[in-house]
Amino acid sequence: MIIESPATIRPKSDDLHSNSTKLIFKEERMKIIVAGTGYVGLVHAAVCSEYGHEVYAYDINKEKIQAYATGEATEIERYVNEPSLSSLIKEMHGKYLHFTDTIDEVIEGTDVIFFCLPTPPNEDGSSNLTYYDKAAEDIARKLARRKDKRRVVLVNKSTVPIGTSRHLETIMMLNNVENFGVSSNPEFLAEGTAVTQARKPDRVVVGCDREEDFKILRRVYSQFVNHVRIKYIQTTPETAEAIKYVANTMLLTYISFWNGVGARIGERIPNVNVDDLRRGVTADDRISTWGSYVSNGAGGSCFGKDIRSLIYQLRRVDVNTKMLESSYEVNEFQKVYLVDRAISEAGFSWSTKTVAVLGLSFKKNTNDMRDASSIRVIETLLGKGVNRIKAYDPLSNEEAKKVFTAENNILFSKIEYYESAEEALEGSDALFISTDWEEFRGLSGVISRMVKPPYLIVDGRRMIPDYQDLVERGYHYLAVGSPSLQPGT
Ligand SMILES: NC(=O)c1ccc[n+]([C@@H]2O[C@H](COP(=O)([O-])OP(=O)(O)OC[C@H]3O[C@@H](n4cnc5c(N)ncnc54)[C@H](O)[C@@H]3O)[C@@H](O)[C@H]2O)c1
């Protein structure tokens, strides 16, 4: 069922998309289906409709579709909470953006179908294509019944193993779909800035086999073709698929380099200041500041899963994957090693303690908890005998409740959720900062007001620049990248 907005407003002029800086003429308008409306699909559908394309955002999850169709921020943000996304949806819904839990009514006349489906990891690290295949089969059967035989391009935005476009082509052929092309157009957005990035990506990578399909995608992305700043890259589907894996693996490897080398130097070699080390090294234009901030590991739905998938894919063609394995291992180690450092360096016993955990989402400005470091931290703390976790996150308390269920682990019943850092700190014996939310920066005043020494502060994000004051007042401070600082040191 297609769900229209409560007050469907049609544009006054059909010639130009009036309410956007990105103008598109009706001759350029395409009919697009976006299959899968999670973080990637919902943002992509909204921004494509903002260009002026006619977009049908499709998901088998009826509750999500109904929530999005209300146009209400609180409803949309229950599923995807990205800055300015809900207001964009509110503006576009009923104009060029439609929500539907079936594509039967809209498949006729469709030019492009984007696949934005989940591709979670299997136990062995390979990509699980169950959701993807199911959607592809379903869409293939519907395409085969089309009366309108115009060319339709099926585009992978999901991160899929190299060669999946070919696999998609086979599914279509086995279902007797006529006049179709397959394409890979990987998504590079980072959560927290997804809308901004979708409006102005640094690159658009499009892999196709035929010029006619490149042409259709150039119409979809007409805003970006020949743009002075945005690189519009046309290549083979396999190269496009590989670009996504190499990019994500490179990013995680860079983060792991700083965590595995920079942080260790700052922690173990006397008189090395890790912040100055970072500033000095990244003053070189060839070395990125992004990723150089040491932390308790990188989470999120992509880095870990993508590097594991690439390792799996490369092992199958006999490529040595030691470097990638190390990147992954360093990142996993980093998520929990501070818990052990507190024992070995601060002599702290976690047993029976109450611990405030600030920050649950995998990074700031998102409610996404997938593979968040906080999950491993909380599991490890509870495994060490912590009596009570007082958790607070500005956005993801509700998401966290879905992750930390007693069915997953009976110890999770020891987690309590609070509405502010102050409330979480009150009555705690130790603090663990796990996410770099801006509001945690300079938390020292709140800490000294809410809790008194002896008290252990574990800072996984180096969020307290004036930690020295706290140490002088008797607090024990332990941060990633620095030696443990005890009162009197
Ligand atoms: N989240 C990111 O930051 C990000 C960035 C780049 C690439 N990616 C990749 O994009 C893909 C999607 O990621 P996501 O984070 O948006 O996932 P998600 O889990 O948030 O969303 C996927 C959506 O697909 C829907 N779905 C499942 N089966 C379906 C079907 N048969 N038909 C229609 N809809 C169906 C689900 O209900 C869900 O809403 C993954 O391959 C991921 O690796 C994600």
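All values derive from a computational prediction rather than experimental measurement. For the numbers below, each heavy atom of this structure counts, side chains included, while hydrogens, waters and symmetry mates do not. First listed ligand is number 1; within each ligand, the first listed atom is number 1.
With ligand atoms numbered from 1 in the order given, ligand 1 contributes 23 (C), 24 (O), 25 (C), 33 (C), 34 (N) to contacts under 4.0 Å with heavy atoms of Gly36. With ligand atoms numbered from 1 in the order given, ligand 1 contributes 1 (N) to contacts under 4.0 Å with heavy atoms of Ser301. Heavy-atom proximity to Gly38, at under 4.0 Å, picks out these atoms of ligand 1: 16 (O), 18 (P), 20 (O), 21 (O), 23 (C), 39 (O). Using a 4.0 Å cut-off to heavy atoms of Lys64, the atoms of ligand 1 that qualify are 38 (C), 39 (O). The Glu191 neighbourhood of ligand 1 comprises atoms 1 (N), 2 (C), 3 (O), with distances under 4.0 Å to a heavy atom of that residue. Counting atoms of ligand 1 from 1 in the listed order, those under 4.0 Å from a heavy atom of Cys302 are 2 (C), 4 (C), 5 (C), 8 (N), 43 (O), 44 (C). Atoms of ligand 1 found under 4.0 Å from any heavy atom of Ser158, numbered from 1 in the order shown, are 10 (O), 11 (C), 41 (O).
Annotation: cation-pi geometry satisfied between Lys401 and Tyr417 (NZ/CZ under 6.0 angstrom from ring centroid, within 45° of ring axis).
With a 4.0 Å heavy-atom cut-off, ligand 1 is reached by the backbone of Leu189 and by its side chain too. Only backbone heavy atoms of Cys116 (N, CA, C or O) come within less than 4.0 Å of ligand 1; its side chain stays farther off.
Among all non-hydrogen protein atoms, the one lying nearest atom 32 (N) of ligand 1 is Ile60 CG2, 3.7 Å. In this structure, the protein non-hydrogen atom closest to atom 27 (C) of ligand 1 is Pro118 CD, 3.8 Å. Atom 41 (O) of ligand 1 has Thr119 OG1, 2.6 Å as its closest protein atom, hydrogens excluded (heavy atom only). The shortest contact between atom 42 (C) of ligand 1 and any protein heavy atom is with Lys305 NZ, 3.9 Å. The protein non-hydrogen atom at the shortest distance from atom 13 (O) of ligand 1 is Val40 CG2, 4.0 Å. For atom 7 (C) of ligand 1, the nearest protein heavy atom (residue, atom name, distance) is Thr159 OG1, 3.6 Å. Scanning all protein heavy atoms for the shortest distance to atom 6 (C) of ligand 1 gives Glu187 O, 3.3 Å.
Other residues, nucleotides and ligands place no more than 12 heavy atoms under 6.0 Å from the CZ atom of Arg316. Environment of CE in Met173: crowded, with over 12 heavy atoms of neighbouring residues, nucleotides or ligands closer than 6.0 Å.
Taking all heavy atoms of Asp59, Leu117, Ile33, Ile103 into account, the minimum distance to atom 23 (C) of ligand 1 is reached by Asp59. Of the candidates Ala194, Gly192, Ala135, the one placing a heavy atom closest to atom 31 (N) of ligand 1 is Ala135.
Inspection of the Tyr68 and Gln66 side chains reveals no N or O donor paired with an N or O acceptor under 3.5 Å. Under the 3.5 Å distance criterion, with hydrogens and angles disregarded, a donor-acceptor pair is assigned to the side chains of Arg151 and Asn179.
Checked options Val206, Asn156, Leu168, Leu154; the residue passing with Ser183 is Val206 (criterion: side-chain contact (heavy atoms from CB on, under 4.5 Å)). Screening Asp459, Ile433, Val274, Val294 against Val480 for a side-chain contact (heavy atoms from CB on, under 4.5 Å) leaves a single residue, Val294.
The shortest N or O to N or O distance between Tyr39 and ligand 1 is below 3.5 Å. Considering backbone and side-chain atoms together, Arg370 places an N or O closer than 3.5 Å to an N or O of ligand 1.
Between His44 and Phe114, a ring centre-to-centre spacing shorter than 6.0 Å is recorded.
The pair Glu28-Arg218 fails the salt-bridge criterion, with no side-chain N (NZ, NE, NH1 or NH2) lying under 4.0 Å from an Asp/Glu carboxylate O. Look at Asp371 and Lys335 and you find a salt bridge, because one of the NZ, NE, NH1 or NH2 atoms lies within 4.0 Å of a carboxylate O, short of that distance. A salt bridge links Arg315 and Glu325; the closest N-O separation between the charged side-chain nitrogens and carboxylate oxygens is under 4.0 Å.
Under the 30°/60° scheme for interplanar angles, the aromatic rings of Tyr132 and Phe115 are found to be tilted.
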